[in-house]
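Below, all heavy atoms of this structure are taken into account, side chains as well, without hydrogens, waters or symmetry copies. It should be emphasised that the depicted structure is a prediction, and the values quoted were computed from it without experimental measurement.
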Amino acid sequence: MLKKFLPSEHVKSIFHITPEYLKSKGVKAIITDLDNTLVSWDRPDATPELLEWFKEMKKVGIKVLIVSNNNQKRVSTFSQPIDIPYIFEARKPMGKAFRRAVKILGTKKEETVVIGDQLLTDVFGGNRNGFYTILVVPVAQTDGFWTRFNRRIERRIMNFFKRKGLIQWEESK
């Protein structure tokens with residue numbers, strides 16, 4: 001059961017995921033979390049570096065869709081100005097939003113990666129729905145109430161994976 005929480009790979013940040021790398025793996029689309037994956041949970045808009053990352057993905061034909069458990073106001077305020085499609089109140093790790101995402105993207109699971117900062121929502125949800133998953137270190141060191149609760153559980157799982165040699169990186173302090 002714990003294997004469902006193990007990401008296919010893990011990186012320090014979204015910016016370590018390049019379009020060339022994804023293309024070499026046959027990836028045509030990205031389902032990404034928003035808060036603490038792309039930007040800190042309390043930042044309303046995309047950074048210039050993130051805008052460039054989106055542009056590079058688009059240039060090589062990789063589609064990006066945001067799937068967030070956050071509310072419509074938060075997700076639309078971030079996504080609409082940069083013309084990125086989104087699903088809000090996704091209820092990850094449940095499968096409905098993931099299935100809806102690939103339908104919107106027009107891709108197959110095998111051509112789509114799930115990127116996020118949480119084991120309990122992004123990685124578990126992606127894995128149990130058959131996606132390749134990439135875990136990133138959270139952008140911010142602070143979280144909302146429910147995420148703080150999840151992080152406690154995640155720390156135990158991560159420590160187990162580290163002891164077993166399955167995950168090597170450390171969160172930046």
key: Within-4.5 Å side-chain heavy-atom neighbours: Phe15 and Leu50   = yes

| message | Main chain of Leu119, side chain of Glu154: is a donor-acceptor contact present, judged purely on distance under 3.5 Å? | response | yes

So, does Glu111 use its side chain to make a donor-acceptor pair with the main chain of Lys108 at under 3.5 Å? yes

In this structure, CD1 of Ile115 is separated from OG of Ser13 (nearest 0.5 Å) by 10.5 Å

In this structure, CG of Asn127 is separated from OG of Ser8 (nearest 0.5 Å) by 5.5 Å

Quick note, side-chain hydrogen bond (donor to acceptor under 3.5 Å, both in side chains) partners involving residues 91-102, not counting sequence neighbours, are Asp33-Lys92, Lys92-Asp122

Subject >> Ion pair Glu20/Lys23, N-O distance below 4.0 Å >> reply: no

Donor-acceptor contact present, side-chain Lys63 to main-chain Lys58, <3.5 Å = no

Rounding to 0.5 Å, atoms NZ (Lys4) and OG1 (Thr133) come to a distance of 10.0 Å

| task | Flag the pair Leu22 / Thr18 as yes when at least one side-chain heavy-atom distance between them is below 4.5 Å, and no otherwise. | result | no

The reported gap from CD1 in Ile14 to NE2 in His16 (rounded to nearest 0.5 angstrom) is 11.5 Å

Inset, instruction - Taking the side chain as every heavy atom from C-beta outward, state whether Phe161 and Phe5 have any pair of such atoms under 4.5 Å apart. - result: yes

Report task. For residues Phe131 and Val123, determine if any side-chain heavy atom of one lies less than 4.5 Å from a side-chain heavy atom of the other. Result -> no

* Asked: Leu65 and Ile30: same hydrophobic cluster, using ILVMFWY side-chain contacts below 4.5 Å?
  -> no

When rounded to the nearest 0.5 Å, the distance separating CG of Leu6 from CE of Met158 is 9.5 Å

Quiz prompt | Same apolar cluster (I L V M F W Y, side chains within < 4.5 Å links), Phe78/Ile31 | solution = no

Does any N or O in the side chain of Asn36 come within less than 3.5 Å of the main-chain N or O of Trp41, such that one atom is a donor and the other an acceptor?
yes

Inset, instruction - Assess the side chains of Thr37 and Thr32: does a donor N or O sit below 3.5 Å from an acceptor N or O? - result: no

Q. Is any side-chain heavy atom of Asn70 less than 4.5 Å from a side-chain heavy atom of Phe88?
A. no

Practice prompt. With the side chain counted from C-beta on, respond yes when Tyr132 and Val114 share a heavy-atom pair under 4.5 Å apart, and no when they do not.
Written response: no

